[in-house]
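First the structure, in the form of structure tokens, and then the observations on it.
Residue numbers begin at 1 in each chain, while the letters A, B, ... track the order of the sequences.
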Amino acid sequence: MADSKGAKRSSIDGDSFQDSKRLKMVNGGGNATTDPKYNKYLAHQYEDGQNQNGFQSPLDQFQRHQTTAIQAANAEDSDLNPWTNKPHSQRYFGILKSRRDLPVSKQRQEFLDMYHSTQILVFVGETGSGKTTQVPQYVLYDELPHQTGKLIACTQPRRVAAMSVAQRVANELDVELGEEVGYSIRFENRTGPKTMLKYMTDGQLLREAMHDHEMSRYSTIILDEAHERTLATDILMALLKQIAERRKDLKIIVMSATLDAQKFQTYFFNAPLLAVPGRTFPVEIFYTPEPERDYLEASVRTVLQIHASEPDGDILLFLTGEEEIEDACRRINLEVDDMIQESEVGPLKVYPLYGTLPPAQQQRIFDKAPEPLKKGGRPGRKCIIATNIAETSLTIDGIVYVVDPGFSKQKIYNPRTRVESLLVSPISKASAQQRAGRAGRTRPGKCFRLYTEKAFKKELIEQTYPEILRSNLANTVLELKKLGVEDLVHFDLMDPPAPETMMRALEELNYLACLDDDGELTKLGSLASEFPLDPSLAVMLISSPEFYCSNEMLSITSLLSVPQIWVRPNNARKRADEMKAQFAHPDGDHLTLLNAYHAYKGAEQGGGDVKQWCHEHFLSFRHLSSADDVRNQLKRIMETQDIELVSTPFQDKSYYVNIRRALLAGFFMQVAMRESSNSKVYKTVKDDQMVMIHPSTVVSSPYDWVVYNEFVLTTKNYVRTVTNIRPEWLLVCFLSLFVLPFNAQLC
DNA sequence: GAGCACTGC
């Protein structure tokens, strides 16, 4: 068989057109695509890997890891789709032509040569190079998954990217999405038995790895957007580095933007590097001569100046958060009205853009720029004022001017106080370049940096600190344990976190009895890692059958893992608060959440317009329905893990007491005690921090003891989402603190 | 009497 392949190869190289004709004749009977007997996807069932009826595809001539670019291109040019044996559509050839124009296309052979010669490859490509769509297809034509039965995975940091790229590549390959090309993200798996190329979120691949430590389903794993350094990417990189040693047949491609390519190479045993140019337009950078004192004021001024004196083209301004953005929108709108009256400027439409904005309002940024005020007048333009969401997650075409004040809100974690918080901080050089690049997507653009060139060069750090250095790692450590990483200290992360952060995580997991005193995963810990939740929420959920309320804790856990369900628009705060009061439970916010959820489910069953109902009750339909998705997922995990789903009868007077007690099973470390009677100040039990109860609470009469869901550091130290508890309930928890780890060891 | 950058499982 190998001989015949070798012999035919030259003819394929030389004349693919004839070859595809021959193909057609072989299939002359016309039943090849309809008769299941001829389904080439069953080919792997035959011993020699060949189809029994003698059907030949150009791919039969390919030898794994020896494919040439010409061979592959010829197969792509065939009349019949080599992957489906169906005729290629007209659209296919249209797309194929544009694919061949992508910068990466010129380097297909170079890529293949390098891919053949190495196990790990670092691939660097700027925006517009085509790497995300093309490289996985180049790999597909070389890995021949139909022969090996193994998949090619390509990971993305975000769900939308995984979905949209998979759709694009399915079109490019002329196949149905979900068949040969699919995607897998949380709540949605669009892959099937035929799937060969799978786009997925990096977190999803990590989840899979928990049950398949060797990632044995895959022949090639492509990590895309590795420069973003998400927590999941960082863990995957370290994991793959280990797996690569054990599985010499596994190929790994790490794809990244240019910056820091060397760091990736060095990290991956000096892996070879392939760089492909991007396709963007030049962007001229301007700096302020002097530092700006008030960047918000300077931003508004700059936008107005651009509008008054620069040729047409849309503006993108980066600010740090909702409040700032809405403020800037107001100020610009006011000023523009004056400008229009005083001079001959065109209309300017201002759009805010941030993550918590409802999707319909986010979509408005894609509206066309306004028409001139009168015929022949100066053209209108739009100005989008956005958070970091416009840096990576959302791309807006038509932006010609970028205004970059140089700040963003960043998560930081302080292991000493165990508090994660958001802080307005200067961005990195990489971030500044990314922002500037947003001006050159459709034509040459300009970027106005509201800081000096000296500050850019001397004060900005090269790269934003990777997430792993800015997070509480309790969840990560639990995951790593489940992934079979024995030695955390020598686990080779690209940027190892501070030892103190690791210690805090181990300590927290030990308190929760997820790790025993030797740092080994307990049965509880192993169970907890099955849930896509923070360890404390997972432990709370797992323990809830003991309190006869696992159905209710399932709901509360889901509600705590989605964004706030309470809607409180600035112009209707009072009415919103009144509506919330209808759901209020005297014993606290967790129970109030549950009430609102039950009312929502009731409205759903009532059969009316649930969206309308939510709107009237100032509840977020979006977040409630995503809580429902989470709940279904968690419920399935409960069922597969044989955790009982039980409730205390609602009439039973211990219904709510049981729930309150169950909260403590996961959150006994997050309890605060009133400092003195009549005081509004509380003290956390674990480390004596002075805190206040967040004003959003429904709790009106001050309780002596509360359990809280989170600690928020804003103008004051607040604890948010609190429920009244009795101190004697804690005794059981603290007792278990000493007893359980010991028990767990026995498990 | 406050306010949550952005992701992900």
A:H694 NE2 to B:dG1 C1', straight-line distance once rounded to whole Å = 9 Å
ask   = Just how far, in rounded Å, is P of B:dG8 from CG of A:D534?
value = 16 Å
message = So, using salt bridge (Lys or Arg N to Asp or Glu O under 4.0 Å) as the criterion, who are the partners of A:R331 when residues are at least two apart?
response = A:D327
task = Just call it for A:K411: base, sugar-phosphate, or nothing, with non-hydrogen atoms closer than 4.0 Å on any strand.
result = base
message = Categorize A:I389 for me: base, sugar-phosphate, or nothing, with a 4.0 angstrom heavy-atom threshold over every strand shown.
response = sugar-phosphate
inquiry  = Under 4.0 Å, counting only non-hydrogen atoms across every strand here, what does A:R158 touch: a base, just sugar-phosphate, or nothing?
reply    = sugar-phosphate
Residues in salt bridge (Lys or Arg N to Asp or Glu O under 4.0 Å) contact with A:R364, at least two apart in sequence or another chain = none
task = Whole angstrom is fine here: how far is it from OH in A:Y708 over to P in B:dA2?
result = 20 Å
message = In whole Å, I'd like the distance from the CD atom of A:E326 to the C1' atom of B:dA5.
response = 15 Å
ask   = A:Y354 side chain: which of B:dC9, B:dT7, B:dC6 is closest?
value = B:dC6
message = Classify A:R573 by what it touches in the nucleic acid, base, sugar-phosphate, or nothing, heavy-atom distance under 4.0 Å.
response = base
message = Under 3.5 Å, is there any donor-acceptor pair linking the side chain of A:R568 to the base of B:dA2?
response = yes
inquiry  = Under the side chain to side chain donor-acceptor pair (under 3.5 Å) test against A:Y183, which residue among A:Q204, A:Q156, A:R159, A:E188 passes?
reply    = A:E188
query = Across the strands shown, which category fits A:Y718 at heavy-atom distances under 4.0 angstrom: base, sugar-phosphate, nothing?
reply = sugar-phosphate
query = In whole angstrom, what separates A:L357's CG from B:dC6's P?
reply = 10 Å
Sugar-phosphate, base or nothing in reach of A:Q564, heavy atoms under 4.0 Å = base
query = How close or far is atom C1' of B:dC9 from atom CG of A:N189, stated in whole angstroms?
reply = 14 Å
note = Of the candidates B:dC6, B:dG1, B:dC9, the side chain of A:I185 sits closest to B:dC9
key: N or O in side chain of A:R159 less than 4.0 angstrom from B:dC9 OP1/OP2   = yes
task = To the nearest Å, give me how far apart CG (A:L205) and C1' (B:dC9) are.
result = 12 Å
request  = Please tell me which of the listed nucleotides, B:dC4, B:dA2, B:dC9, lies nearest to the side chain of A:R207?
outcome  = B:dC9
key: Nearest-nucleotide pick for A:E710, side chain only, options being B:dC9, B:dC4, B:dA2   = B:dC4
message = Heavy atoms only, 4.0 Å cut-off, all strands: where does A:Q410 land among base, sugar-phosphate and nothing?
response = nothing
inquiry  = Quick check for you: among B:dC9, B:dG8, B:dC6, whose closest atom lies nearest to any side-chain atom of A:T356?
reply    = B:dC6
ask   = When all nucleic acid strands are considered with a 4.0 Å heavy-atom cut-off, which category describes A:T230: base, sugar-phosphate, or nothing?
value = nothing
request  = Let me know the distance between CD of A:E188 and P of B:dG8, rounded to the nearest Å.
outcome  = 13 Å
task = Could you check whether the rings of A:H617 and A:F583 sit parallel, tilted or perpendicular, using 30° and 60° as the cut-offs?
result = tilted
request  = Compare the minimum distances between each of B:dC6, B:dG1, B:dG8 and the side chain of A:T201, then state the nucleotide with the smallest one.
outcome  = B:dG8
remark   = Between A:P405 and the options A:L450, A:T302, A:L296, the side-chain contact (heavy atoms from CB on, under 4.5 Å) test singles out A:L450
message = Assess the residue pair A:R158 and A:E228 against the criterion (salt bridge (Lys or Arg N to Asp or Glu O under 4.0 Å)); give the C-alpha distance rounded to whole Å, side-chain angles, the decisive distance to 0.1 Å, and a yes or no.
response = CA-CA 11 Å; A:R158 281 167 294 279; A:E228 287 194 30; 2.8 Å; yes
ask   = Between A:L422 and A:N475, which has a closest nucleotide on DNA chain B that is more 5'?
value = A:L422
